[in-house]
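A short worksheet on the structure shown next.
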Amino acid sequence: MAKIKLKQVRSAIDCTKRQKANLEALGFKKNGTIIEKEDTPSVRGMLKVVGHLVIEVK
C-alpha cells in the first residue's frame with residue numbers, strides 16, 4: 001500500500017479535544033514533526049479533522 005508523508009505546520013493550542021486526539025493518534029508530538037503513514041481510509045478521515053494543522057510533504 002502507498003505511504004504518505006505528513007508534517008504538522010500549526011500548533012494545537014486552540015484546538016478541540018477531538019483534533020488533539022487525532023493528532024496524537026496520527027503520531028504527532030510537536031509542531032514541525034514529519035511522520036510517514038499508510039494511505040488508508042481511516043488515516044484520510046483523521047486528516048480531514050486536522051487538515052488545517054497538517055500538510056502532505058512530497
Side-chain angles (χ1 to χ4, degrees):
M1 194 156 230
K3 292 200 175 242
I4 54 174
K5 280 188 177 181
L6 304 167
K7 180 178 181 180
Q8 183 178 354
V9 292
R10 300 210 42 207
S11 174
I13 288 175
D14 267 346
C15 294
T16 63
K17 287 182 183 179
R18 180 181 177 202
Q19 291 168 341
K20 289 178 184 179
N22 276 309
L23 283 174
E24 187 177 331
L26 284 168
F28 290 110
K29 302 279 187 218
K30 59 182 182 178
N31 208 5
T33 306
I34 297 176
I35 60 166
E36 193 169 326
K37 289 285 187 182
E38 292 286 332
D39 190 10
T40 61
S42 61
V43 170
R44 288 288 178 176
M46 285 190 268
L47 288 176
K48 278 189 173 184
V49 175
V50 294
H52 60 289
L53 304 172
V54 176
I55 61 168
E56 187 172 349
V57 180
K58 301 287 177 175

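Values below: all heavy atoms of this structure, side chains included; hydrogens, waters and symmetry mates excluded. Just so we're clear, the structure is a prediction, and the values are computed from it rather than from any experiment.
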Next item on the list: Not counting sequence neighbours, which residues clear side chain to side chain donor-acceptor pair (under 3.5 Å) with Ser11? List them please.
Entry: none
Checklist line | Those residues that, when tested against Thr33, pass side chain to side chain donor-acceptor pair (under 3.5 Å) (two or more places apart) | finding: none
Distance-only criterion, 3.5 Å: show the donor-acceptor pairs between side-chain atoms of residues 23-32 and protein atoms not counting sequence neighbours.
| unit_1 | atom_1 | unit_2 | atom_2 | d |
| --- | --- | --- | --- | --- |
| Asn31 | OD1 | Arg10 | N | 3.3 |

Check: Restricting to pairs with a member in residues 44-57, which pass side chain to side chain donor-acceptor pair (under 3.5 Å), not counting sequence neighbours?
Finding: Asp39-Arg44
Check: So which heavy atom on Gln8 is nearest to which on Ala12, and how close?
Finding: NE2-N, 4.2 Å
Check: Which residues satisfy the salt bridge (Lys or Arg N to Asp or Glu O under 4.0 Å) test with Glu38, sequence neighbours excluded?
Finding: Lys3
Notebook entry, point to check: What is the distance from atom OG1 of Thr16 to atom CG of Asn22, rounded to the nearest 0.5 Å?
Noted result: 8.5 Å
Margin query: For Lys7, give me all partners under side chain to side chain contact (heavy atoms under 4.5 Å, CB included), at least two apart in sequence or on another chain.
Written below: Val9, Ile34, Ile55, Val57
